[in-house]
Amino acid sequence: MPEELEKILKENQAIAIKINGEIKDLSYVSYLNGDEEIEIISPQTKEGLEILRHSVAHIMAHAVKDLFPDVKVTIGPAIEDGFYYDFDKDTPFTEEDLQKIEKRMHEIIKLKQPFIRKEISKDEAIKLFEALGESYKVEILNEIKDEKVSIYEEGGFIDLCRGPHIPHTGMVKAFKLLSVAGAYWKGDERNKMLQRIYGTAFPTKEELQDYLNFLEEVKKRDHRRLGKQLRIFEISEEVGPGLIIWLPNGAIIRKTIEDFWKDEHLKAGYQLLYTPHIAKLDLWKKSGHLDFYRENMYSPMDIDEISYQLKPMNCPFHIQVYKSELRSYRDLPLRFAELGTVYRYERSGVLHGLLRVRGFTQDDAHIFCTEEQLEEEIQKVLDFTLFILSTFGFNLYDIYISTRPEKYVGSIENWERATSALKEALKKRDLPYQIDPGEGVFYGPKIDIKIKDALNRSWQCSTIQVDFNIPERFEITYRGKDGKEHRPIMIHRALMGSLERFIGILIEHYAGAFPLWLAPVQVEIMSISEKHVDYATKIYNQLRSNGFRVKLNIENEKIGYKIRQASMNKIPYMVIVGEKEVEKNAITVRKRDGKNLELIKIEEFIESLNDEIINRK
RNA sequence: GCCGGGAUAGCUCAGCGGUAGAGCAGUCGAUUCGUAAUCGACUGGUCGUGGGUUCAAAUCCCAUUCCCGGCUCCA
């Protein structure tokens, strides 16, 4: 064994080893003969962390079996931020159970029980787990094709597992059980509901603490909490679940975003539309929505004995706009944009603040173009999307191409042509992407862009979808150079996705502290005492007449109290006026973060505000 | 939709069989104040909704609506 390797092992920095590219238990070291390519896996690496967490999941299952012998174990993988294990238990785990399990886990860890790997035949394994009463493991075994399987034993607890694992339980330095939840066996809602325990583990206590702090930060930024605190939106039980009521502060934010969106769309060669919220049921039959989207649509309503349907999408209306005139190839591409409010049925358990609602406004557009124009149009949409997103400070993305789902319309050939157009456009823009197989919409493949927010969390907003099918269903055409009728291709796209979700994400991204151009109140004027009310009012009027959103606070309160109120409302600028300011005919500006106190002339302040707003800083 | 937890004043929450509470907010009064909470008084609740058990229910039981954490599904 190389000296360096021996040293690392001694210092307990290794938890697994890669031999000729294959991850193995550390115990494989004793079989090495020296000519293998090896790599030490420490818990700091992605692979190492996964092994650590998976091992902690085993230890948790061990603890659960010790405390609740009747419970059956199922599966327990490592996940993005930790691990979970699903158990079949008649009554759910309680908070107290979690504490007991943690305690038992600490005991197991202290014993430094080795993880021992054994390879046995599948039949042997089935017999073993049958004897242990672990029917879920037997079910898994029956689905495994290999003749040999591996099991791991640690302190008497045996689990079917591919491995690898940490050498012994004592290597777990920092873990915490986080929550309990119901989860279906194999993720299928027709199966039995199991009891899942979520937990996490890290190489060190500090890293665990950092993660717990992150969870706290996430809680603090929760848009539902901030939305209430900052009076941005409300969901009323009296109105109905998943239906958003924009309060004045939220309405201003939304209006500002809408204005920006419309202006930029006009600049980018789009034409703006408004279309109705309902349409005859027959329209939805023709579009294919009734066949392929029915479960998300509300029941139709009767008007003069004809069925009408609340719209779940805007596309059929935009098709009507296309059809309102004869189109020539000279007209294409045609770009129709609308902030279109749609209604979709969402199961009650999935609703979530602004992020998942039943009525929402898509920043929708449909581009009609020729086959030759398709790729360039997609590139333009990509550029436009990234411009809009970067305005809000989103500069990191994960891009996915979703391919044909099980339920689809149109020919496979068309699907493939559309998919390759999407790939080609991303390639030309040097944008790396991943494939999300089978996740396309029923009418075509799509590019989804997931943005990373200030906490590095991913959110799906933008979507660009090619559609060969709806143009066909509505038989829309254009007259080509050759004088013949041709069928245009349609691109559906939404950049922010929906205003509701996007603003929800913005609240969390900015932690409620909106940049000046979006802030509901941009400047709050506060007087030191009653003597300065007139001057404060004068400043207020001056700022207001210059188009700023200003609040005047001339209450009989101490300045400290007023500053506290404004800070809690996350107002970008506070203007403080007292004796000094009146005398010098100036103002003192305090930024939201408490820095940059300065006495300046009002004209100078107005100039800097305008600069900040125009540049959307 | 499924599993579990919850709903008490505008907000945050305590009370968990025996007369509905606190802080903040609001109103009124005093204070006239220089960078994150001045003091006092007052107001405010059919304890989510509907049934039931009990001498007595915010509290226990059942149903229901909505919310929360997950699962499944998604802009």
Side-chain angles (χ1 to χ4, degrees), chain A residues 84 86 89-95 178-198 222 224-225 228-229 231 234-242 293 295-296 312-313 340 342 344-364 439 441 446 448-450 459-463 465 492-502 504-505 526-533 554-569 574-581 588-595 597 599:
Chain A
Y84 68 79
D86 287 346
K89 182 173 180 286
D90 291 339
T91 55
F93 293 103
T94 62
E95 281 298 313
L178 297 170
S179 59
V180 284
Y184 301 104
W185 168 234
K186 291 181 180 166
D188 189 326
E189 62 184 342
R190 287 165 301 193
N191 287 342
K192 186 168 181 187
M193 177 75 67
L194 305 170
Q195 301 303 326
R196 174 172 297 180
I197 301 179
Y198 281 96
D222 191 315
R224 292 165 300 180
R225 176 186 170 139
K228 190 176 264 183
Q229 192 195 318
R231 281 172 274 265
E234 190 159 276
I235 299 167
S236 147
E237 188 175 341
E238 242 174 312
V239 173
Y293 208 67
E295 53 201 42
N296 287 293
M313 291 192 191
V342 297
R344 298 182 185 173
Y345 173 71
E346 298 287 352
R347 297 163 93 184
S348 62
V350 306
L351 300 173
H352 184 93
L354 291 174
L355 300 182
R356 192 78 182 271
V357 294
R358 284 182 173 160
F360 57 97
T361 302
Q362 292 182 305
D363 68 317
D364 211 355
E439 293 301 314
V441 205
K446 59 175 180 171
D448 284 332
I449 300 176
K450 293 190 182 177
W459 302 97
Q460 207 223 297
C461 295
S462 317
T463 180
Q465 310 172 345
H492 308 240
R493 43 112 283 190
L495 311 185
M496 300 183 284
S498 85
L499 286 167
E500 286 74 9
R501 168 179 280 180
F502 194 70
I505 293 165
M526 37 190 94
S527 52
I528 297 281
S529 86
E530 251 169 23
K531 283 178 262 172
H532 319 111
V533 166
I554 47 175
E555 277 175 51
N556 280 340
E557 286 292 350
K558 288 187 167 177
I559 198 68
Y561 181 77
K562 294 184 186 180
I563 286 168
R564 179 180 157 80
Q565 294 300 316
S567 302
M568 290 199 307
N569 287 324
M574 300 172 211
V575 165
I576 295 155
V577 296
E579 217 49 56
K580 213 172 15 179
E581 288 76 11
T588 294
V589 177
R590 186 192 203 273
K591 274 196 118 174
R592 183 157 47 191
D593 56 14
K595 288 175 194 153
L597 292 179
L599 190 72

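Residue numbers start from 1 in every chain, and the chains themselves are labelled A, B, ... in the order their sequence lines are given, proteins ahead of strands.
- Across B:A20 and B:C13, the matching C1' atoms stand 14 Å from one another, rounded to whole Å.
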Check the interface with nucleotides 34-37 of chain B: list each N/O to N/O pair with the protein under 3.5 Å, or write none.
| from | atom 1 | to | atom 2 | distance (Å) |
| --- | --- | --- | --- | --- |
| B:G34 | O6 | A:E579 | N | 2.6 |
| B:G34 | O6 | A:K580 | N | 2.9 |
| B:G34 | N1 | A:E581 | OE1 | 2.8 |
| B:G34 | N1 | A:E581 | OE2 | 3.4 |
| B:G34 | N2 | A:E581 | OE2 | 2.6 |
| B:U35 | O2 | A:R590 | NE | 2.6 |
| B:A37 | N9 | A:R564 | NE | 3.4 |
| B:A37 | N7 | A:R564 | NE | 3.4 |
| B:A37 | N7 | A:R564 | NH1 | 3.2 |
| B:A37 | N7 | A:R564 | NH2 | 3.3 |
| B:A37 | N6 | A:R564 | NH2 | 2.4 |
| B:A37 | N1 | A:R564 | NH2 | 2.9 |

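- Rounded to whole Å, the distance from CD on A:E238 to P on B:G10 is 13 Å.
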A correct 5'-to-3' footprint of nucleotides 61-75 of chain B, with B, S and - meaning base, sugar-phosphate only and no protein heavy atom under 4.0 Å, is ----BSSSBBBBBBB

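- B:C42 is paired with B:G26 under the criterion used here, namely a Watson-Crick or G-U wobble arrangement in which both key atom distances are under 3.5 Å.
- Contact between the side-chain N/O atoms of A:K531 and the OP1/OP2 oxygens of B:C33 is found at a separation under 4.0 Å.
- Taking the C1' atom of each, B:G21 and B:U8 are spaced 10 Å apart, rounded to whole Å.
- If you take atom P in B:G26 and the same atom in B:C61, they sit 39 Å apart, rounded to whole Å.
- A distance of about 16 Å separates the P atoms of B:C28 and B:G44, rounded to the whole Å.
- Because its NZ or CZ atom is not both nearer than 6.0 Å to the ring centre of A:Y184 and within 45° of the ring axis, A:K186 does not count as a cation-pi partner of that residue.
- Taking the C1' atom of each, B:G48 and B:G5 are spaced 16 Å apart, rounded to whole Å.
- Comparing B:A41 with B:G23, their P atoms sit 10 Å apart, to the nearest whole Å.
- For A:E579, there are no salt bridge (charged side-chain N to carboxylate O under 4.0 Å, His left out) partners at least two apart in sequence or on another chain.
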